[in-house]
There are 2 protein chains.
Amino acid sequence: MASHTAASLKVELNERGWRLTPQRETILHIFQNLPNGNHLSADDLHRRLQDQGENISLSTIYRTLKLMARMGILRELELAEGHKHYELNQPYPHHHHHLICVRCNTTIEFKNDPVLRIGAKTARREGFHLLDCQLTIHALCPPCQQALGLP
Amino acid sequence: MASHTAASLKVELNERGWRLTPQRETILHIFQNLPNGNHLSADDLHRRLQDQGENISLSTIYRTLKLMARMGILRELELAEGHKHYELNQPYPHHHHHLICVRCNTTIEFKNDPVLRIGAKTARREGFHLLDCQLTIHALCPPCQQALGLP
DNA sequence: TTAAGTGCAAAAACTTTGCATATTT
DNA sequence: AAATATGCAAAGTTTTTGCACTTAA
């Protein structure tokens, strides 16, 4: 869960018989330069790559996102938009969780160390190797409570 | 987040200008009779309804699942299969979280009250009305660690 | 009565796959 | 050289939508 350089990514890939390609390196860079709190869908990433003149196919993007999520480099977020979003899987103290309004999709990030510790402990107890731990809270934001006439 | 009867569901729907239809009642029953720890995708639910001779269209199922999730009656789970699953949103002490192997999709449920309290507190602090709170842990199970030759 | 809900079929959105070609190790 | 990765186009899955009809309140 440490931050990656192209070199360390290469090592980690090679250990598993995989390869460092220019596409994978470019995609990693995009995420590393993403302002904190941003996250991209496959399509967002594709567009962003095209904007900077990189032509990487959507297939490769999907394959790379899944690979990096399984390696623990990216975390896969299920926000409210109906498709997955990805962001760098940052270690403590940057690690965070999400509070989401199910009506308007407003999303608030928050940090919580105890939850992170509980997640780590739970995985360890079951013998699992932790990749990511996210608390997702579904709720109604104040304006949406109003709109629904909730007490 | 209390358990629902057809009558209380009706009240809650009517309060918001919505209606209790036979389809909605039938769907609620399916979930109420689901053994603890089970969860259904839209398609699972559709098949299950057909098996018991109920003809409810997939459109209605999708619309109902979303509605009930937004009301806090069902919780929407993002497990690893690539589509949503739903289960009854049960209050403490039945409330639970999920530990998922990203490689083989093995899923383990676990309970954790502190996380639930943290979720409730976080929502309250932001003025949100809590609907659901789920800790999702992505990890590699022991066999999959082996298969990948992890130390 | 009338606003909301349903079913159908069609479309949309998102993701995966087969295969020929290119590239990393 | 051998195995992995890519790009393309095509197909697959899951979910949403428009519309005419039905139904709960």
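Every chain is numbered from 1 and lettered A, B, ... according to where its sequence line falls, protein lines coming before strand lines.
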Looking across every strand, which nucleic acid part, if any, lies under 4.0 Å from Asp43(B) by heavy atom: base, sugar-phosphate, or nothing?
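Answer is nothing: Asp43(B) stays at 4.0 Å or more from every strand.
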Lys121(A) atom NZ, over 12 foreign heavy atoms within 6.0 Å:
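12 or below, so no.
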Ser57(B) vs Gly17(B), nearer the 5' end of DNA chain C by closest nucleotide:
Gly17(B)
Pairing residues for Arg75(A) by the salt bridge (Lys or Arg N to Asp or Glu O under 4.0 Å) criterion, not counting sequence neighbours:
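For Arg75(A), the residues satisfying salt bridge (Lys or Arg N to Asp or Glu O under 4.0 Å) (neighbours in sequence not counted) are Glu87(A), Asp132(A).
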Ignoring the backbone of [X], work out which of [options] is nearest its side chain.
X: Thr60(B); options: dT24(C), dG7(C), dT16(D); value: dG7(C)
X: Arg19(A); options: dG7(D), dA5(D), dT6(C); value: dA5(D)
X: Arg24(B); options: dT6(C), dT15(C), dA25(D); value: dT6(C)

Would you say the side chain of His97(B) lies within less than 4.5 Å of the side chain of Ile137(B), judging by non-hydrogen atoms?
no
Distance check, rounded to the nearest 0.5 Å: His94(A) atom NE2 versus Asn89(A) atom CG?
12.5 Å
Got a second to check how far Leu74(B)'s CG is from Tyr86(B)'s OH, nearest 0.5 Å?
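Separation between the atoms: 8.0 Å.
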Please figure out whether Trp18(B) or Gln23(A) has its closest DNA chain D nucleotide nearer the 5' end.
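Looking at DNA chain D, the more 5' nearest nucleotide goes with Gln23(A).
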Could you say whether Lys84(B) or Leu20(B) is positioned toward the 5' end of DNA chain D, judged by the nucleotide with the nearest heavy atom to each?
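Closest to the 5' end, via its nearest nucleotide, is Lys84(B).
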For the helix from dT1(C)-dA25(D) to dT25(C)-dA1(D), what is the angle between the axes at its two ends, each from 5 pairs, rounded to 10°?
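Between the first-five-pair axis and the last-five-pair axis there is 50°.
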I need the CD1-C1' distance between Ile61(B) and dA9(C), as an integer number of Å.
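Rounded to the whole Å, the gap is 16 Å.
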From NE2 of His46(B) over to C1' of dT6(C), roughly how many Å is that when rounded to an integer?
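About 12 Å, once rounded to whole Å.
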If only side-chain N and O atoms of [X] are considered, is one of them under 4.0 Å from the OP1 or OP2 phosphate oxygen of [N]?
X: Lys10(B); N: dA24(D); result: no
X: Tyr62(B); N: dT16(D); result: no
X: Asn55(A); N: dG7(D); result: no

Looking at every heavy atom in both Glu76(A) and Ala69(A), which two are closest together, and how far apart are they?
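Nearest pair, atom of Glu76(A) first, then Ala69(A): OE2-CB, 4.3 Å.
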Measure up the His98(A) and His96(A) rings against each other and bin them: parallel (under 30°), tilted (30 to 60°), perpendicular (over 60°).
perpendicular
Under 3.5 Å, N/O pairs linking protein and nucleotides 17-20 of chain C:
unit_1  : atom_1 : unit_2   : atom_2 : d
dT17(C) : O4     : Ser59(A) : OG     : 3.2

Any salt bridge between Asp44(B) and Arg47(B), counting N to O under 4.0 Å?
yes
Side chain of Asn33(B), backbone of His29(B): donor and acceptor closer than 3.5 Å?
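Confirmed, Asn33(B) side chain pairs with His29(B) backbone.
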